[in-house]
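Note sheet for the following structure.
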Amino acid sequence: MRYVDEFRDRAKADVLIKAIEQLLARMKRDETRPLQIMEVCGGHTHSIFRYGVEGMLPKSIELVHGPGCPVCVLPMGRVDDGVAIAERPEVIFATFGDAMRVPGSRKSLLQAKADGCDVRMVYSPMDALALARRNPEREVVFFGIGFETTMPSTALTVLQAEREGIENFSIFCNHITIVPTIKAILDSPDLRLDGFLGPGHVSMVIGDAPYEFIARYYKRPMVIAGFEPLDILQSIWMLLKQIDEGRCEIENQYTRVAAREGNSIALQAVARVYELREFFEWRGLGSIDHSGVKIRDAYGRFDAERKFAVPNARIADPKSCQCGEVLKGVIKPWQCKVFGRACTPETPLGALMVSSEGACAAYYQYGGVKRGRDEAEASVA
Amino acid sequence: MCLGIPGCIVSIDNADDLVATVDVSGVRRQINISCVVDEAHPVESCVGDWVLVHVGFAMSRINEVEAAETLRLLRELGDLQAELENMQRPTDVVAAEEQGL
């Protein structure tokens, strides 16, 4: 496995781990349970597994891998709608590569492509707009997914299409917003989380202010964190320091990229093109109020949902999945009934097995299966 | 998608649409720089700036030392190669079209 050994900053990491251990030793806390810290963002989950961060931490800290992987939380019904659009003969369906394998109830986009649909992987929504420019006789639809990190990119692409008068381009908008979902997690009765690592690149766009309620009303600390292992360790130390000192604040460890006030140009573009949906469906979490955005009426001609009257399929998550409980930190991935058996990265059943940013896929790929079985056996014995 | 990759702006290609070329570890591609151009950073001053690029958009200005460190870590773990391949993908799309595929 390619981690830890190749991690050259190990000496600096050791200093931080020592500081974390010292803080833990002097903290007054309930020692019958570990401190649970949720990293909200899938990018953090990816880094944590890639660099083996969990293995470096003392056992009394447990990282709970949150819902911040947009590919993972995309519900089956929306994939089905995307496939239905892609199946139209006039459509070129452009998507980020990450979304290709997400299972729908009938098929994934990858299977749709194999069945003859014109599905193209692109790096940027601007590349999809270029496809529309070069193929005026076709309808180019871009599969818009992601949190606030990618929301400005599709908003700016719509504004560019408008400026150029390109009419054969639209967005199938599945953008979601993280704050209502953090609130939903905080409202859940089985919640045990002690603090949050805040999503660095979402914060780069939205700034610190939208998280204030977490500290003020829910009395939980948050540290907006960068994605490198030292960033994550330093942020955990900052969180522990807050808990130790009885503070609940929104702190920012990632100021080198994420300004406190966010990016106003990006926010303006988002506000111009998008408005909140009443609710949006999340795989594993169900429907959450105001957690998605849609294209405003003024830009309705760039909205694939209006252009193609999508079926708006609502498909329930498979019953055997326990993604919701994993997301809230109630169980670990390996404690799910179908983990590694009916649900694997090749044939994912649940949201969290879909992308390498999902907690279950990360556990599966980076040796978590073994660790999980060991721990399960230990608890039986 | 959410990772972000550091690149250095090497030319401004269209000042009206705010299109620039970045160099990421030797690979060049066009990106949009709308989100990093403001009164303090007019478009013509952006050449030489290091930015964090997400899905073809510069989303934040970063300093050169941090950019180099981030690139080193991404390279160490193999994430850099995947992202560079991703960034070069549109060329393939164009090529496929030109061949009438």
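What you see is a predicted model; the values in this text were computed from it and never measured. Below, read A as the first sequence line, B as the second, and so on, with proteins coming before strands; counting in each chain starts at 1.
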Fill in: Inter-residue atom distance Asn263(A).CG - Met59(B).CE, 0.5 Å rounding
5.5 Å
Item to complete: Could you check whether the rings of Phe49(A) and His65(A) sit parallel, tilted or perpendicular, using 30° and 60° as the cut-offs?
Response: tilted
Practice prompt. Check the angle between the aromatic planes of Phe172(A) and Phe143(A) and answer parallel, tilted or perpendicular using the 30° and 60° thresholds.
Written response: parallel
Worksheet entry | Top contributor to chain B contacts, counting heavy-atom pairs under 4.5 Å, from Gln268(A), Arg163(A), Met126(A), Arg256(A) | Arg256(A)
Fill in: Residue, of Pro125(A), Pro199(A), Gly200(A), that accumulates the most heavy atom pairs under 4.5 Å with chain B
Pro125(A)
Discussion item. Ring centres under 6.0 Å, that's the criterion: do Phe227(A) and His44(A) meet it?
Written reply: yes
Fill in: Structural part of Val202(A) lying under 4.5 Å from a heavy atom of chain B
neither
Worksheet entry | Region of Val37(B) in contact with chain A, defined by heavy-atom distances below 4.5 Å | backbone
